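Right, one structure below, let's go through it.
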Amino acid sequence: MQKKLFSILALLLTAVLVVGCNTSEKTEDSDAQQNEPSNTAADQKPSGDETAGEALEEESTDTPASNETNTEDASKQPQHDVTYKQNGVDKTEKATESKSVDQSYKLQQLPGFTLTQEEPGKDMLVSNDDDEVFMRIETIETSQSSFTEVKTAMQDYMNAVGDTVALTTDELSVFKDVQNIEGYVVDFDTEKVIGVVFENDGLITKLTIHDNDKQDLTNAMMNMAATISKK
């Protein structure tokens, strides 16, 4: 009887040991699988930096050089000789066509000046060497006003600036083929303000020039203004 009991106990102990070994092996296998790096679809995707880098590389390959395009376009712009007098010296320079942002005119612009919009309906052609030397440009369609009305407004403005003197025909001779023209000047010690109104090409143009003795760019600005025409 005791032999049978020992045999049964031995069998039970053997069974417990076998089950324990199987459980341990399964746990080790499971731990090993968790520790191994996963090979999911997300891991196979290139990172955002890699994708962006590839896109930039493709873009830089396909896009032409913008500097070359701009240089080529600038070289194709028509240029015209503009002659003017500065400090008693006759000068001739190449002028390039410029167009107003919101007004309906264009003109030949000399180097050394920048054309900007002061406000809607008013542009400023400013000297790059002295921003206090400039020409304000206002154009009005002949269908919207008359030369007399614009001239009266200019006279009122110039009278408010100081004692006005009418410009001579010779001083206004740079303006060719205009229907009507009139101009005034107010002289200060070393500065002057000039107002000119002229009608041409369906436009009435009002100019206000601020200049000084050092720059003496009045004749240059008036020669540029003489090229104003409709776009």
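Computed from a predicted model, the values in this text were never measured in an experiment.
Follow the hydrophobic side-chain contacts under 4.5 Å out from V178 and you reach V196 in the same cluster. Hydrophobic clustering (ILVMFWY, side-chain heavy atoms < 4.5 Å, transitive): I181 and L167 are in one cluster. Linking ILVMFWY side-chain heavy atoms closer than 4.5 Å, directly or via other members, places V126 and L107 in two distinct hydrophobic clusters. Criterion: ILVMFWY side-chain heavy atoms under 4.5 Å apart, direct or through other members. Under it, V161 and I209 are not part of a common hydrophobic cluster. Both V197 and V186 are members of a single hydrophobic cluster when ILVMFWY side chains are connected at heavy-atom separations under 4.5 Å.
Annotation: E132, atom CD; neighbour count of heavy atoms from other residues, nucleotides and ligands within 6.0 Å does not exceed 12. Around CG of D156, the count of heavy atoms belonging to other residues, nucleotides or ligands within 6.0 Å exceeds 12.
Remark: E118 pairs with R136 by the salt bridge (Lys or Arg N to Asp or Glu O under 4.0 Å) rule, at least two apart or across chains. With sequence neighbours excluded, the residues that form a salt bridge (Lys or Arg N to Asp or Glu O under 4.0 Å) with E141 are K230. Remark: P111 pairs with E93 by the side chain to side chain contact (heavy atoms under 4.5 Å, CB included) rule, at least two apart or across chains. Partners of D81 under the salt bridge (Lys or Arg N to Asp or Glu O under 4.0 Å) rule, at least two apart in sequence or in another chain, are K94. Shown here are the salt bridge (Lys or Arg N to Asp or Glu O under 4.0 Å) partners of E149, two or more places apart in sequence or in another chain: there are none. T168 meets the side chain to side chain contact (heavy atoms under 4.5 Å, CB included) test with D170, E171; sequence neighbours excluded. In this structure, the side chain to side chain contact (heavy atoms under 4.5 Å, CB included) partners of Q215, at least two apart in sequence or on a different chain, are S127, D129, D130, V133, D211, N212, L217. Under the side chain to side chain contact (heavy atoms under 4.5 Å, CB included) criterion, T116 pairs with T114, M124, sequence neighbours left out.
The two atoms that bring D131 and F134 nearest to each other are O-CD2, 3.8 Å, heavy atoms only. D216 approaches G88 most closely through the heavy-atom pair OD2-N, 4.4 Å. Here the shortest heavy-atom pairing between S145 and V150 reads OG-CG2, 3.7 Å. The minimum heavy-atom distance linking A95 with Q108 is given by the pair O-OE1, 3.4 Å. In terms of heavy-atom proximity, D123 sits nearest to S100 at OD2-OG, 2.6 Å. Scanning all heavy atoms of the two residues, the minimum distance from L172 to M222 falls at CD2-CE, 3.9 Å.
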Could you check I194 against T218 for side chain to side chain contact (heavy atoms under 4.5 Å, CB included), going step by step and ending with a plain yes or no?
CA-CA 8 Å; I194 296 173; T218 296; 3.2 Å; yes

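A heavy-atom distance below 4.5 Å is not found between the side chains of T142 and F147.
At distances below 3.5 Å, not a single donor-acceptor pair connects side-chain atoms of T164 with backbone N or O atoms of M158. Listed for the D102 side chain is a donor-acceptor partner under 3.5 Å among the backbone atoms of G121. Of the possible donor and acceptor atoms, none in the side chain of E138 sits under 3.5 Å from a partner among the backbone N and O of I204.
The line from OH of Y184 to CD of Q155 is 3.0 Å long, rounded to the nearest 0.5 Å. Once rounded to the nearest 0.5 Å, the distance linking CG of N219 with OG1 of T83 reads 9.5 Å. Atom CG of D177 sits about 12.0 Å away from atom OG of S229, to the nearest 0.5 Å. Atom NZ in K99 sits 6.0 Å away from atom NZ in K106 (nearest 0.5 Å). If you take CD1 on I137 and CG on L207, they are separated by 6.5 Å, rounding to the nearest 0.5 Å. Remark: L110 CG to T96 OG1 distance equals 9.0 Å, nearest 0.5 Å.
Side-chain atoms of S98 and Q109 form a donor-acceptor pair, as typed in the model, at a separation below 3.5 Å.
Within the structure, ring pair (Phe, Tyr, Trp, His ring centres under 6.0 Å) pairs that include any residue of residues 77-121 do not occur (at least two apart or interchain). Sequence neighbours left out, the pairs with a member in residues 155-181 that pass ring pair (Phe, Tyr, Trp, His ring centres under 6.0 Å) are F175-F198. Within the structure, every pair that satisfies the side chain to side chain donor-acceptor pair (under 3.5 Å) test and touches residues 185-210, not counting sequence neighbours, is listed here: N180-E199. Within the structure, no pair that satisfies the ring pair (Phe, Tyr, Trp, His ring centres under 6.0 Å) test touches residues 211-231, not counting sequence neighbours.
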